[in-house]
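Because only heavy atoms are used, hydrogens play no part in the values below, and waters and symmetry mates are left out as well, while side chains stay in. This is a predicted model, so every value here is computed, not measured.
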Amino acid sequence: MAFLSSVQGGAGRGRVAFPRLVAFAFPGLVALAAATPCGAETLKANFALSLLGLSIGHASASGVIEGRSYRIDISMRTTGLASLVNDTRGAATASGALSSEGLAPTSYANTTSNTYETRTVRMSLAGNSVRAVHVDPTPWDLPVRIPVTESNKSHITDPVSALIMSVPASEPLIGPSACNRTIPVFDGVTRFDVTLSFVEMRNVETHGYSGPVSVCAARYHPIAGHRPDSVSTRFMAENSDITVWLAPLQTAHAVVPYRMALRTNVGMLTVEPAEFHLGGRRQAAERSAPQRPAADQ
């Protein structure tokens, strides 16, 4: 959900894009959800970013859910010609608690930089409401943005935790129940909703994952913290060419972003997995362990 916010609004004069890029593409980037209290579930994923079919960057995500807590870390950087135009990089993290009702984030932070500036956002939360937020530097155009009220900061989630979407226990993980939802997000500067609706089911295969996904159409709805005269905000609010593919997590009974495609004013932007691993600690350790040569016969 941070992805939509990044391409639409720009947090400052230099338009640091990553914090919001993270939350929607990763709604593609991050893929982890609530495991059972007695288990542990891990994520390792790498993604390729492309615009008009040309590589413009890469991103990675890692995380762990254990007991009644979770933590997710993501990073991103532009590469190639894109870095010559605007060298953008950043990292974000979120952590919190798990309950039968879903995730309850307690902390969110990101640091992003591009050719023009570096921005840091730190936020503490409780009960899905913001308790404190610090943005440095503050957006240069803050006085002309739509004010974010206290009610705008209640009943929300942060951009990274927003990527973890639980499905009711009585509903299947593939199909309309995976997609149909509205996600309220606050990234420290802007408040927006992302609405997902079911389109179709597909089968996919990439390094680490093979199986079904749900394809969802996505819409971006700005609420506060953006400029009312922003052309990019208007473009994203009217953009009906956004799709997100959601992969199921059986143990957690949740879905997470697998792939995303979004039309920008210069062409289609896609975020696709180069590898996508989900599993327990044991499987993660086995993947990272060096392979021993076979014994002589």
Side-chain angles (χ1 to χ4, degrees), residues 1-11 17-30 33 72 92 94 96 101-105 108 110 121 123 125-130 133 135 139 145-168 176-199 214-246 254-257 260-264 269 271:
M1 303 11 169
F3 181 84
L4 289 181
S5 156
S6 84
V7 289
Q8 62 81 23
F18 174 74
R20 304 179 186 90
L21 169 66
V22 164
F24 195 82
F26 294 177
L29 239 182
V30 91
I72 303 168
E101 298 179 354
L103 275 72
Y108 164 76
N110 71 55
V121 177
M123 188 161 58
L125 307 95
N128 291 97
S129 296
V130 176
V133 61
V135 181
R145 291 176 176 240
I146 296 176
V148 177
T149 66
E150 288 304 309
S151 63
N152 291 150
K153 295 185 283 186
S154 298
H155 309 292
I156 54 87
T157 188
D158 66 84
V160 174
S161 299
L163 307 173
I164 304 169
M165 293 165 266
S166 61
V167 176
S177 56
C179 292
N180 296 340
R181 66 185 70 232
T182 296
I183 307 169
V185 183
F186 180 61
D187 65 7
V189 175
T190 58
R191 169 70 176 85
F192 56 97
D193 284 348
V194 174
T195 301
L196 304 180
S197 56
F198 178 71
V199 176
S214 301
V215 178
C216 318
R219 296 300 299 263
Y220 170 83
H221 305 283
I223 295 175
H226 61 281
R227 292 182 61 126
D229 61 348
S230 171
V231 174
S232 56
T233 298
R234 188 179 306 111
F235 175 86
M236 288 307 302
E238 296 173 355
N239 193 345
S240 60
D241 197 358
I242 310 171
T243 57
V244 180
W245 300 12
L246 300 177
V255 292
V256 294
M260 193 201 102
L262 175 148
R263 181 168 297 283
T264 72
L269 172 67
V271 180

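Considering every non-hydrogen atom in both Cys216 and Leu196, the closest pair reads CB-CB, 4.3 Å. Annotation for Thr190 and Arg145: closest pair CG2-NH1, 4.0 Å, computed over non-hydrogen atoms. Ala224 and Pro147 get closest at one heavy-atom pair: CB-O, 3.5 Å. A pairwise comparison of heavy atoms in Ile146 and Pro228 identifies CG1-CD, 4.1 Å as the closest pair. When all heavy atoms are compared, the tightest approach of Gly188 to Val121 is CA-CG1, 4.1 Å. Among all heavy-atom pairs drawn from Pro184 and Arg191, the shortest one is CB-NH2, 3.4 Å.
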Notebook entry, point to check: For Thr243 and Met260, what are the C-alpha separation, side-chain angles and deciding distance, and is it a side chain to side chain contact (heavy atoms under 4.5 Å, CB included)?
Noted result: CA-CA 6 Å; Thr243 57; Met260 193 201 102; over 6 Å; no
Next item on the list: Could you please spell out the steps behind the side chain to side chain contact (heavy atoms under 4.5 Å, CB included) verdict for Asn239 and Thr264?
Entry: CA-CA 9 Å; Asn239 193 345; Thr264 72; over 6 Å; no
Note to self: Go through it in stages, so that I can follow the logic: the residues are Ser197 and Cys179, the test is side chain to side chain contact (heavy atoms under 4.5 Å, CB included), and I'd like the CA-CA distance, side-chain angles, deciding distance and then a yes or no.
What the structure shows: CA-CA 5 Å; Ser197 56; Cys179 292; 5.8 Å; no
Notebook entry, point to check: Between Val185 and Asp158, is a side chain to side chain contact (heavy atoms under 4.5 Å, CB included) present by the stated rule, with each step listed?
Noted result: CA-CA 6 Å; Val185 183; Asp158 66 84; over 6 Å; no
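In this structure the side chain of Asp187 never reaches within 4.5 angstrom of the side chain of Met123, judged on heavy atoms. By the 4.5 Å heavy-atom criterion applied to side chains, Val135 and Val189 are counted as neighbours. Using a 4.5 Å cut-off on side-chain heavy atoms (C-beta onward), Phe186 and Asn152 make no contact. Tyr108 has its side chain out of reach of Ser161: every pair of non-hydrogen atoms, C-beta onward, lies at least 4.5 Å apart. Here the side chains of His221 and Thr195 are in contact, with some heavy-atom distance below 4.5 Å.
The distance from atom CE of Met165 to atom CG of Leu246, rounded to the nearest 0.5 Å, is 4.5 Å. Note: Arg219 CZ to Glu238 CD = 8.5 Å, rounded to the nearest 0.5 Å. Ile183 CD1 to Asp193 CG: the interatomic distance, rounded to the nearest 0.5 Å, is 9.0 Å. One finds the OG atom of Ser154 at 10.0 Å from the CG atom of Asn128 (value rounded to the nearest 0.5 Å). Here CG of Leu269 is found 11.5 Å from CG of Asp241. Values are rounded to the nearest 0.5 Å. Interatomic distance, CD1 of Ile156 versus CG of Leu125, reported as 5.0 Å (0.5 Å rounding).
Under the salt bridge (charged side-chain N to carboxylate O under 4.0 Å, His left out) criterion, Arg181 pairs with no residue at all, not counting sequence neighbours. Among residues two or more places apart in sequence or in another chain, the salt bridge (charged side-chain N to carboxylate O under 4.0 Å, His left out) test is passed with Glu150 by Lys153.
When only modelled atom types and interatomic distance are considered, Ser129 and His155 share no side-chain donor-acceptor pair under 3.5 Å.
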